[in-house]
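Beneath this line is the structure, given in structure tokens, with notes to follow.
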Amino acid sequence: MNIKLTDKKFALLLYLYEKEAEACTVTQIGRHFQVTKSTISRNVDDLIEQGLINDSPERLIRLSPNGMRLAQEYAREVEDFGLWIERSAAGTDARKIKENAMVMSLNLEPEIKKQILSKIRLNYIFFKDFPNGPLHFEDFAQILEDGEYPVSFVIFRENYKKDKHFSMSDEAFRHPASLKMKKGEGTIELQAVTIERRNMLGHLIQRGKLMNMDFEGDDGFEPAVKDGDFYMFPANVLEYTFHEKERMLVGSCRVRFYAPLANKKVHVRFAVFSIILKEM
């Protein structure tokens, strides 16, 4: 729903949402916001025109179904931003927390807001006191709402020497990955990108994308689901460890990649894929 609101109309929308069990009068609302009835009436008329408030002959003010849905969405955003501010700026007055949370919900650009809220909601994992050590995906999956969450990841060589830890496959995907949640089940999604290899003189000797990817489950290696440049596999195949001191959750599994070589042969490489979730 693409509806633009001023800060006053936004505050009115949330107030009516909080009072959803009762109809309000212009006088009551004016008293709450400490403004004149004429000011409230103008804002109410605008929200009626936008289809967010039901027009009532008795001038009893209630949100319309569309208004209720929009207010519910905004109220959840304000709650999420408020919890993040409270944890990030300890000791902040509750009134200031709510005021700033409302400013963020109303004024952030949609794409930026979406990215920040995804990280905040992923952070709810750390609100629960997990023991230090191994975890199952099911131990925290129910905390995450349905949606898409950006997650950091690294791909390490399975066997490496000295400081050559990272697999070339780490550069073969766009960072970050996505954790897609639906009804308590999670899917890791990676997007393949073009990688290039050059010789010592800087001349291009190879250019291409990974051809296929397998992940290791309980029954051995299985192919990831491939859809164009995207590779998907279940999040519950990763083995998770909670690091209490660092406030970090790491999930890892073995993977197998198939990459094209310059001579048109296929190179098979084993690696360890890890996602890293860290408290904000």
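The chain is numbered in sequence order, starting from 1. Note: hydrogens, waters and symmetry copies are ignored here, and every other heavy atom, side chains too, is used. No experiment lies behind these values; they were computed from the predicted model shown.
- Put simply, the side chain of Leu63 does not reach to within 4.5 Å of the side chain of Leu47, judged on heavy atoms.
- No continuous path of ILVMFWY side-chain contacts below 4.5 Å connects Val193 to Leu210, so the two sit in separate hydrophobic clusters.
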### Task
Tell me, with the steps shown, if Lys183 and Asp146 meet side-chain contact (heavy atoms from CB on, under 4.5 Å).
CA-CA 6 Å; Lys183 296 181 180 179; Asp146 289 359; 4.2 Å; yes
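- Here the closest heavy-atom approach between residue Met181 and residue Ala141 is recorded as CE-O, 3.6 Å.
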### Arg269 vs Arg157, side-chain contact (heavy atoms from CB on, under 4.5 Å): CA-CA, chis, key distance, verdict
CA-CA 9 Å; Arg269 184 181 294 275; Arg157 294 173 182 263; 3.8 Å; yes
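- Legend: residues meeting ring-ring contact (aromatic ring centres under 6.0 Å, His included) with His175, ordered by chain and number and at least two apart, are Phe153.
- In this structure, Ile85 and Ala101 approach most closely via the heavy-atom pair CD1-N, 3.8 Å.
- Two different hydrophobic clusters hold Val154 and Tyr149 under the rule that ILVMFWY side chains link at heavy-atom gaps under 4.5 Å.
- For the pair Asn212 (side chain) and Tyr258 (backbone), a donor-acceptor distance under 3.5 Å is absent.
- To the nearest 0.5 Å, the span separating CE on Met68 from CG on Leu13 amounts to 9.0 Å.
- Sequence neighbours left out, the pairs with a member in residues 24-68 that pass ring-ring contact (aromatic ring centres under 6.0 Å, His included) are Tyr15-His32, Tyr15-Phe33.
- Aromatic ring centroids of Phe257 and Phe173 lie under 6.0 Å apart.
- With contacts defined as side-chain heavy-atom distances shorter than 4.5 Å, the pair Lys8/Val35 does not qualify.
- Side chains of Leu238 and Phe233 form a contact here, defined as non-hydrogen atoms less than 4.5 Å apart.
- Legend: residues meeting salt bridge (Lys or Arg N to Asp or Glu O under 4.0 Å) with Lys113, ordered by chain and number and at least two apart, are Glu77.
- No continuous path of ILVMFWY side-chain contacts below 4.5 Å connects Ile112 to Leu106, so the two sit in separate hydrophobic clusters.
- Summarising the geometry of Val255 relative to Met213, their closest heavy-atom pair is CG1-CE, 3.7 Å, with the distance given to 0.1 Å.
- Atoms OG and CG, on Ser64 and Leu70 in that order, are 9.0 Å from each other to the nearest 0.5 Å.
- Of all heavy-atom pairs between Ile155 and Ser169, the closest is CD1-O, 3.7 Å.
- Identified under the ring-ring contact (aromatic ring centres under 6.0 Å, His included) test for residues 35-74, with sequence neighbours left out: Phe10-Tyr74.
- Of all non-hydrogen atoms in Pro176 and Ser152, the two that sit nearest each other are CB-N, 4.3 Å.
- Partners of Ala235 according to the side chain to side chain contact (heavy atoms under 4.5 Å, CB included) rule, which considers only residues two or more places apart in sequence or in another chain, are Phe137, Leu179, Ile188, Tyr240.
- Applying the salt bridge (Lys or Arg N to Asp or Glu O under 4.0 Å) criterion to Lys180, with sequence neighbours excluded, gives Glu189.
- Residue pairs meeting the salt bridge (charged side-chain N to carboxylate O under 4.0 Å, His left out) criterion with at least one member in residues 116-144, sequence neighbours excluded: Asp80-Arg121.
- Judged as a salt bridge (Lys or Arg N to Asp or Glu O under 4.0 Å), and not counting sequence neighbours, the contacts of Asp214 are Arg256.
- Here Asp7 pairs with nothing under the salt bridge (Lys or Arg N to Asp or Glu O under 4.0 Å) rule; sequence neighbours left out.
- Contact check for Phe126 versus Phe242: side-chain heavy atoms found under the 4.5 Å cut-off.
- The list of salt bridge (charged side-chain N to carboxylate O under 4.0 Å, His left out) pairs with a residue in residues 217-239, not counting sequence neighbours, reads Lys209-Asp229.
- Contact check for Ile116 versus Phe81: side-chain heavy atoms found under the 4.5 Å cut-off.
- Between the side chain of Gln50 and the backbone N or O of Lys4 there is at least one donor-acceptor pair closer than 3.5 Å.
- Between Leu12 and Val44, the closest heavy-atom pair is CD2-CG2, 4.0 Å.
- Two residues are said to be in side-chain contact when any heavy atoms from C-beta on lie closer than 4.5 Å; Leu16 and Cys24 meet this criterion.
- Residues Leu14 and Met104 do not share a hydrophobic cluster, clusters being chains of Ile/Leu/Val/Met/Phe/Trp/Tyr side chains in contact below 4.5 Å.
- Within a 6.0 Å radius of CD in Gln191, more than 12 heavy atoms belonging to other residues, nucleotides or ligands are found.
- Between the side chains of Thr36 and Ser38, at least one donor N or O lies within less than 3.5 Å of an accepting N or O.
- No continuous path of hydrophobic side-chain contacts links Ile120 to Met102 [ILVMFWY only; heavy atoms under 4.5 Å].
- Going from atom CE of Met232 over to atom CG of Leu190 covers 9.5 Å, rounded to the nearest 0.5 Å.
- For residues 41-53, the salt bridge (charged side-chain N to carboxylate O under 4.0 Å, His left out) pairs, not counting sequence neighbours, are Lys9-Asp46, Asp45-Arg59.
- Put simply, CZ on Phe221 and SG on Cys253 are 8.5 Å apart, with the number rounded to the nearest 0.5 Å.
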### Task
Mind running side-chain contact (heavy atoms from CB on, under 4.5 Å) on Ile61 and Thr25 for me, showing each step along the way?
CA-CA 6 Å; Ile61 302 165; Thr25 65; over 6 Å; no
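- A donor-acceptor pair is defined here as one N or O able to donate and one able to accept, closer than 3.5 Å; such a pair exists between the side chain of Ser118 and the backbone of Lys114.
- Residues Phe230 and Val225 fail the side-chain proximity criterion, which asks for heavy atoms closer than 4.5 Å.
- To the nearest 0.5 angstrom, Leu60 atom CG is 8.5 Å from Gln28 atom CD.
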Expected list for residues 270-280: side-chain donor-acceptor pairs under 3.5 angstrom, two or more places apart:
residue	atom	partner	partner atom	Å
Ser274	OG	Ser252	OG	2.5
Lys278	NZ	Glu246	O	2.8
Glu279	OE1	Arg247	NE	2.9
Glu279	OE2	Arg87	NH2	2.6

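- Here the CG-CD1 distance, from Leu83 to Ile97, works out to 9.0 Å after rounding to the nearest 0.5 Å.
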### Task
Take Lys37 and Thr27 through the side-chain contact (heavy atoms from CB on, under 4.5 Å) test and state the conclusion after the steps.
CA-CA 6 Å; Lys37 289 197 294 183; Thr27 301; 3.3 Å; yes
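- Between Asn66 and Ile3 the shortest side-chain heavy-atom distance does not fall below 4.5 Å.
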